[in-house]
4 protein chains.
Amino acid sequence: MPKKTGMKKTPAGGSKGQQILQAAREIFKEKGFHAATTAEIARKAGVAEGTIFNYFRTKKELLFALLEPFNAEEVGAFFCQVAGETDREKLHLFLENHLLFVKENFDLFRILLYESQFHPELREQFINKVVLKTLEPVEKHLSKGMEEGVYRHVDPSIAARAFFGMLTVFVAWSEVLQADDFIQFDEREVIEEVIDIYLRGIKKTPFKR
Amino acid sequence: MPKKTGMKKTPAGGSKGQQILQAAREIFKEKGFHAATTAEIARKAGVAEGTIFNYFRTKKELLFALLEPFNAEEVGAFFCQVAGETDREKLHLFLENHLLFVKENFDLFRILLYESQFHPELREQFINKVVLKTLEPVEKHLSKGMEEGVYRHVDPSIAARAFFGMLTVFVAWSEVLQADDFIQFDEREVIEEVIDIYLRGIKKTPFKR
Amino acid sequence: MPKKTGMKKTPAGGSKGQQILQAAREIFKEKGFHAATTAEIARKAGVAEGTIFNYFRTKKELLFALLEPFNAEEVGAFFCQVAGETDREKLHLFLENHLLFVKENFDLFRILLYESQFHPELREQFINKVVLKTLEPVEKHLSKGMEEGVYRHVDPSIAARAFFGMLTVFVAWSEVLQADDFIQFDEREVIEEVIDIYLRGIKKTPFKR
Amino acid sequence: MPKKTGMKKTPAGGSKGQQILQAAREIFKEKGFHAATTAEIARKAGVAEGTIFNYFRTKKELLFALLEPFNAEEVGAFFCQVAGETDREKLHLFLENHLLFVKENFDLFRILLYESQFHPELREQFINKVVLKTLEPVEKHLSKGMEEGVYRHVDPSIAARAFFGMLTVFVAWSEVLQADDFIQFDEREVIEEVIDIYLRGIKKTPFKR
DNA sequence: AATGAATGAGAATTCATTCAT
DNA sequence: TATGAATGAATTCTCATTCAT
């Protein structure tokens with residue numbers, strides 16, 4: 001009786017382990033980690049409750065396993081595809097990619113962010129695998145821009161975070177606060193506005209479009 | 001440094017109800033809402049477990065009661081104290097107040113934000129009592145600035161959110177991610193940088209300090 | 001601080017003790033003994049919860065006190081008022097009185113009967129104070145009738161119980177089963193029919209009206 | 001003496017669900033529904049407390065499940081087996097069956113009757129599954145007897161209830177009041193007497209044995 | 001006498017986890 | 001491997017009862 005084969009194998013999308021992982025993600029999203037029951041996850045995954053524990057030692061381990069997909073390379077690669085010509089185009093692509101990425105995984109991020117409060121290992125992984133990998137290309141872009149004299153001299157760590165913060169606040173608005181019924185923002189418009197403000201804010205010369 | 005900013009009365013700090021509320025806040029912060037047990041709250045509050053339910057019908061109600069201190073007026077007032085001369089000074093005050101306010105209540109916000117996902121009433125109250133009240137003065141400031149021709153024409157709803165997003169991201173960095181051991185930011189420096197970028201971003205004329 | 005003055009005194013209808021007793025009876029009727037809470041009884045009685053325990057040591061004692069009104073004499077007297085001329089008239093009066101008495105106190109009887117299962121003292125009191133006192137006059141009537149040669153020779157204990165059983169079943173139908181929406185019986189008709197059957201059943205000579 | 005009269009399957013007498021049901025019945029009988037604890041039921045059933053809730057969602061459902069054995073058909077069938085020759089024999093069989101049936105299930109009936117006060121669904125089921133099914137054959141017997149000119153014209157609904165009332169009162173005497181130490185009745189004698197009175201009471205012609 | 005805040009021993013119910021099949 | 005019945009510790013909430021005022 002092989003005890004927990006680990007959580008990484010069973011890469012095939014249809015394998016039991018993947019089914020469970022997928023189901024867990026959905027239930028976690030719906031109910032939160034604590035309120036999600038293994039019974040419900042099993043039901044959604046189409047497996048017996050006991051089967052979950054053949055793949056994951058504990059419910060907590062199941063949560064951690066959800067971080068696995070975020071491999072350093074992938075997240076990095078995702079953000080390096082930005083190949084715009086102008087700075088504006090580049091930041092545009094950063095933001096669009098960021099938005100896409102965050103929206104795609106927001107259910108997960110929310111849970112992981114919340115639970116990482118109680119599980120330091122989770123926190124560290126999340127920072128390394130997701131957050132830093134996201135910031136990195138923008139920080140590099142800014143540094144390069146400053147070297148080239150295009151951007152004012154700012155702290156790239158600060159500026160990069162501020163950049164993402166400007167957009168993330170809108171994701172939080174609709175995803176966390178679900179406040180779209182208060183004001184609904186047009187994604188395109190928000191991106192334009194944010195980039196406008198931001199670029200004017202860091203460009204060296206008086207901003208001209 | 002004003003203590004208990006934005007908080008209500010606490011008429012008799014030692015009253016049982018207040019003790020319970022305070023204990024709940026601490027335990028919630030430590031464990032999260034679900035993982036916090038009424039037994040532990042009672043222990044910390046120094047009352048019997050049953051006593052909790054003399055003051056709050058359910059554990060959930062105890063959570064909701066934590067929102068009460070955030071009265072619309074008070075939160076509003078808090079942000080209207082900004083009486084700087086220049087725009088820079090005004091935004092400075094906004095940000096400093098915001099930072100103070102958020103940091104003071106971050107433990108609460110985190111819980112309320114997370115739980116509001118599962119309790120719509122909570123969500124709505126939080127948005128109305130805290131979020132909108134925070135945004136309002138900045139939106140007004142921006143609108144006025146645009147009218148007066150100081151600021152470019154931007155959507156104040158977007159710009160105000162972007163403004164707070166630029167800073168909030170740093171609060172999240174240290175409070176949610178607890179990532180100060182990765183990079184530790186200097187609060188003063190961050191505020192300066194953020195305002196610099198932001199003001200240049202929205203000022204009409206080429207930015208001059 | 002006078003400890004429980006007992007439950008008998010305070011005879012005045014408006015006294016605290018009586019208010020409590022009355023409230024208890026109503027709540028017990030509504031919810032049953034176990035589901036009734038002292039808090040609710042206190043509220044209905046218009047007294048503080050603690051006050052109940054100045055009059056009755058325990059909730060159980062409060063239940064027992066409800067039996068007090070049924071004094072041997074009263075119940076006896078109630079059934080001795082039957083002063084009909086003919087046997088038919090006499091039984092008629094017995095039944096009418098019985099019905100009146102049972103209906104008036106059914107809420108109490110139901111509770112006492114049920115709870116007497118778990119409290120032998122209650123059971124004994126109930127039998128002596130209510131049941132036997134009710135049967136007695138009919139048993140006597142039957143015995144006399146047999147002596148006088150009007151009735152066949154039957155066991156008066158059995159016949160008296162059978163007599164009340166014939167009617168009580170209808171009270172149970174509407175009060176316990178609340179089955180009036182299945183069939184609704186006319187009280188007058190039932191009494192007539194029951195007496196008809198019963199008198200024919202015990203009269204010595206072939207029955208003639 | 002047929003065992004489990006009117007009871008359903010019990011497919012595997014030892015199955016956990018049946019054990020629990022049986023234990024519940026016993027504890028309910030002993031303590032009443034409210035005072036019975038799931039802990040005690042579990043102990044008596046020889047299962048863990050949680051196991052109860054794998055079989056019955058709530059304690060209340062456990063109560064309801066006790067009604068299931070009383071299938072309309074079976075209860076009906078039970079009372080249709082009366083195949084006596086004379087009317088006296090038939091009523092005799094009715095009563096004997098009734099007595100057997102009631103005594104066998106009295107513990108249950110008492111609880112169900114009491115609790116049906118607070119649970120309308122229970123009440124309705126009890127009336128339909130047990131009470132009406134019990135009355136029906138006697139009502140039919142009476143109707144037929146009237147048609148055939150054997151019985152006087154009486155309301156069969158009333159007469160049938162009165163009939164069972166005459167006997168049920170004795171069951172109540174020993175089972176509810178547990179008053180056998182006051183007077184102990186001989187079952188055989190009671191039945192004879194009751195039938196005697198009843199038949200004389202409804203027969204058309206002056207009664208002759 | 002009257003109060004009602006405080007108590008804390010239970011009660012029903014949930015659920016992650018185990019393990020025999 | 002997969003199962004799912006069984007477990008029982010843990011949890012929220014109730015309520016009769018006490019007692020200081």
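Not measured: the values here are computed from a predicted model. Numbers restart at 1 for each chain; the letters A, B, ... are given by sequence-line order, proteins then strands.
- The separation between A:Ile52 atom CD1 and E:dC15 atom P is 13 Å, rounded to whole Å.
- In this structure, B:Glu40 places its CD atom 13 Å from C1' of F:dT11, rounding to the nearest Å.
- Across all strands shown, C:Ala36 has heavy atoms under 4.0 Å from sugar-phosphate atoms exclusively, and none from any base.
- Minimum atom distance to the side chain of C:Phe53 is reached by F:dT18, of the listed F:dC13, E:dT13, F:dT18.
- B:Gln125 places no side-chain N or O within 3.5 Å of a backbone atom of B:Glu68 that could act as its donor or acceptor partner.
- For D:Glu49, whose side chain is taken as the heavy atoms from C-beta onward, the closest listed nucleotide among F:dA2, E:dA12, F:dC13 is E:dA12.
- Distance CG (D:Asn54) to C1' (E:dA12): 14 Å, rounded to an integer number of Å.
- In terms of phosphate contacts, C:Thr38 brings no side-chain nitrogen or oxygen within less than 4.0 Å of OP1 or OP2 of F:dC15.
- Separating the NE2 atom of B:His34 from the C1' atom of F:dT12 is a distance of 11 Å, rounded to the nearest angstrom.
- Because its NZ or CZ atom is not both nearer than 6.0 Å to the ring centre of D:Phe33 and within 45° of the ring axis, D:Lys60 does not count as a cation-pi partner of that residue.
- In this structure, A:Ile41 atom CD1 and F:dT3 atom P are separated by 15 Å, rounded to whole Å.
- Across the interface with DNA chain E, nearest-nucleotide mapping of A:Gly50 and D:Thr58 shows D:Thr58 to be the residue nearer the 5′ end.
- Neither OP1 nor OP2 of E:dC15 sits under 4.0 Å from any side-chain N or O of A:Thr37.
- Heavy-atom distances to DNA chain E give each of B:Val47 and A:Phe33 a nearest nucleotide, and the one nearer the 5′ end belongs to B:Val47.
- The CD1-C1' distance, from D:Ile20 to E:dT13, rounds to 14 Å in whole Å.
- The nucleotide E:dT13 finds its pairing partner in F:dA10, both defining distances of the Watson-Crick or G-U wobble pair being shorter than 3.5 Å.
- When heavy atoms are screened at a 4.0 angstrom cut-off, B:Ala35 is found touching no nucleic acid atom at all.
- Nearer to the 5' terminus of DNA chain F, by closest-nucleotide assignment, is the contact made by A:Gly46 (compared with the other of A:Gly46 and B:Lys60).
- Regarding contacts with the backbone of E:dA5, every side-chain N or O of B:Tyr55 stays at 4.0 angstrom or more from both OP1 and OP2.
- Proximity note for A:Lys59 (side chain, C-beta onward) versus E:dA12, F:dA16, E:dA16: the nearest is E:dA16.
- If you take CD1 of C:Ile27 and P of F:dA16, they are 12 Å apart, rounded to a whole angstrom.
- Residues B:Phe126 and B:Phe109 bring their aromatic ring centres within 6.0 Å.
- Remark on DNA chain F: of its neighbouring residues A:Ala48 and B:Arg57, the 5'-side contact belongs to A:Ala48, judged by nearest-heavy-atom nucleotide.
- Taking 4.0 Å as the cut-off between side-chain N and carboxylate O, D:Glu175 and D:Arg110 do not count as a salt-bridged pair.
- At least one side-chain heavy atom of A:Asn105 sits less than 4.5 Å from a side-chain heavy atom of A:Arg25.
- Side-chain contact annotation: A:Gln22 with A:Glu26, donor-acceptor N/O pair under 3.5 Å present.
- In this structure, B:Glu61 atom CD and F:dT12 atom P are separated by 15 Å, rounded to whole Å.
- The partner of F:dC15, taking Watson-Crick or G-U wobble pairs whose two distances both stay under 3.5 Å, is E:dG8.
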